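These figures come from a predicted structure and were not determined experimentally. So you know, we letter chains A, B, ... as the sequences are listed, proteins then strands, and number each from 1.
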Protein chains: 2
Amino acid sequence: MVEESPRQATIFDVARLAGVSHQTVSRVVNDLPNVRAATRARVEDAIKKLRYVPSPAARALVTRRSRTIGLIATGGPEFGPSSTVLYFNSAARDARWSVFTADMVDSDPGAIRSAVEAFLRQNVEGIAVIAGFEVAAEVVAAMNLTIPLVVLQATRRAGLDTVGADQYRGARSAVAHLIGLGHRSIAHLAGPPESVDAQERERGWRDELAAHGLVAAVSGVGDWSPAAGFAFGMAFDPDAATAVFVANDQMAVGLMHALTVRGRSVPEDVSVIGFDDIPEAAHLSPPLTTVRQDFRRIGHDMLDTLLERIDGAAATPRPQSVPEFVERSSTAPPRSAGRQP
Amino acid sequence: MVEESPRQATIFDVARLAGVSHQTVSRVVNDLPNVRAATRARVEDAIKKLRYVPSPAARALVTRRSRTIGLIATGGPEFGPSSTVLYFNSAARDARWSVFTADMVDSDPGAIRSAVEAFLRQNVEGIAVIAGFEVAAEVVAAMNLTIPLVVLQATRRAGLDTVGADQYRGARSAVAHLIGLGHRSIAHLAGPPESVDAQERERGWRDELAAHGLVAAVSGVGDWSPAAGFAFGMAFDPDAATAVFVANDQMAVGLMHALTVRGRSVPEDVSVIGFDDIPEAAHLSPPLTTVRQDFRRIGHDMLDTLLERIDGAAATPRPQSVPEFVERSSTAPPRSAGRQP
DNA sequence: CTCCGCAATGTGATCGCTCACATATGTCAG
DNA sequence: CTGACATATGTGAGCGATCACATTGCGGAG
């Protein structure tokens, strides 16, 4: 309920009603010691009666604190970024912090900078960046902010608080699975090169292959979209690989579509693995083997790290979460071979 | 770049440097008349030199305005709601407004109320609600806010500014297509009953059927998730309907999966239509016929409506956008019949 | 009984801006 | 040359909180 009253009550109104000074009211509101229990009760009564709410503007003016965070989200409406935004926001609300969100449709450095400036103008106490694109993190980091900054990104970086899942290990587990199944020529459809996550997944693919003496053969690059997966699927030589590790589920959808169009079946002719485990993954035809990321945890980790730094503490290093391999039916041993030892 | 300087410059610093009074600086900053061009230039110079930025806290304290909006988003990480959030935010940024976002994972009335209260405490000048669930709009409306409120919801409502696409017509166009193809028994898998959009789509289905003298037969209810679509697909009697109009694409994915599992093919045995046109829709097997919503436009409409009301104007009624029917290959004439006149 | 010290409370300045009003400067008719 | 009236600029109060410091009240040691 909101009062239609002529004016919001101020700290002085409360003080008058409770018969104390405004300073005592301030003490009660901020839960400071040295207030007699009886006094505190009287004040709390008055507060309730007047529906008093401290003015954040006045408070911010003098304390230079706002209990407010800025969140920069790049990566568009993709499942991953938008889930992270959601969980970050809801974690913040639970912690009674307000968050300004700036969704960037593209990653224009100028736009990012001006979003950060808007945040600063609003007196945010910290900034979180979901760095779908590497440049986003760099641009913000280069601004040399005096307030804490935490970046969601797969690679750790000196002098930068970073949170994120271990994309590299996730990718390796996916490729290891294919190798275990007997695949020897495993292609990769990577995400955009500007994305650190994409880079890490590609590196994981390459390294796992190398660890087994295999060479990284066919590969392509996409922009995360199903359309990109489709384009790749129509273009590559399907006989050159018995399996494809795709950098995200959406592109895997497009790839499987192309494969179908070309008369190849999954997993009989070619195995496909995605990444993310979008809700649809389990219900594609065939259900998609993938690597699951815990976006809820990532969002919470980001917030916790940021709040720690805002409190002045060094951020306790959080172990990177390791994405979980999820086997479904888009992967099978290659036609030619049985399972390898 | 951010100054590491001891203290942010204030209006007085600028005034001193420019050799004018603080009030003149204020005039320049707020672009008020009655300042000589030469003076204005001197002040602007000083502002630039000192990297002066007005303090929003101080300004908000006296003007009681914050140039800030609160956005309540229900509907989780689904494609529709999260796209809308994204476009709303980015439109707001373009208009130089800041927005606080509160993503609600569930739609607990208490949580919604407290999110609104947090917004009020932050002095937001308006609130936008993406009402995935009807109750969300109701809860906020019932709070009798003194600030403007705009709700994204399919149905118009007296005394409430509402924005949204015409779900009803979208649904009718989908069903009309099926009827045109020759289908006579068209099932419906609805969204959750708490969702106004779901209600509208179901109503569209029912009315279009009735308009052709057909009866609404089999139908089910899901929660928008692929899993729900799958469950429905496994449970319903596939011989009782030659086509299914599904309330969203994600559930359609699950339904098609179930159909495949049960050895029915789409569209030969049963046609399927979804709603939303998620990016994956074009690349499913088969590519999904659906109804496309323009979330970008919806986000912008919400913002524009809200800003108009904040400016004191009555909101100019915006025509509801009509979702666009998109034919792909998950629909075909029923086995038994050819195309009808 | 006095004095000290701590707990409880009050006072006034201050944060950085805008608002309402006062004052200075300039221009032109009479 | 003077007054009137606009235009340009300055002054001081006040928004609603916190902060630093001053004051009061009370119980126990000397």
Are [X] and [N] close enough that a side-chain N or O sits under 4.0 Å from OP1 or OP2?
X	N	result
A:S55	D:dG16	no
B:T10	C:dG16	no
A:T39	C:dT9	yes
B:T24	D:dG10	yes
A:S26	D:dT18	yes
A:N34	C:dC6	no

With a non-hydrogen cut-off below 4.0 angstrom, is A:V20 in contact with a base, only sugar-phosphate, or nothing?
sugar-phosphate
By the 4.0 Å heavy-atom rule, please label B:V53 as base, sugar-phosphate, or nothing.
sugar-phosphate
Quick one: does [X] reach the base of [N] with a side-chain donor-acceptor pair under 3.5 Å?
X	N	result
A:R36	D:dG25	no
A:H22	D:dT18	yes
A:R27	C:dG10	yes

Mark yes or no for whether [X], through its side chain, and [Y], through its backbone, hold a donor-acceptor pair below 3.5 Å.
X	Y	value
A:S82	B:S82	no
B:R42	B:A18	yes
A:E194	A:E134	no

Side chain of B:V62 only, please: which of D:dC15, C:dC15, D:dA17 is the nearest?
D:dC15
Take atom [atom1] of [X] and atom [atom2] of [N], then tell me their distance rounded to the nearest Å.
X	N	atom1	atom2	value
A:R65	C:dC15	CZ	C1'	16 Å
B:Q23	C:dT23	CD	C1'	13 Å
A:R59	C:dT14	CZ	C1'	17 Å
A:D31	D:dA17	CG	P	17 Å
B:F12	D:dT11	CZ	P	11 Å
B:I11	D:dG12	CD1	P	16 Å
A:N30	D:dG16	CG	P	17 Å
B:R42	D:dT9	CZ	P	8 Å

Can you label the angle between the B:F295 ring and the B:F79 ring as parallel, tilted or perpendicular, going by 30° and 60°?
perpendicular
A:F12 vs A:H22 aromatic rings, parallel, tilted or perpendicular, using cut-offs 30° and 60°?
tilted
Using side chain to side chain contact (heavy atoms under 4.5 Å, CB included) as the criterion, point out the one residue from B:I310, B:I127, B:V163 that pairs with B:V150.
B:V163
Earlier contact from the 5' end, DNA chain C, for B:L61 and B:L32:
B:L61
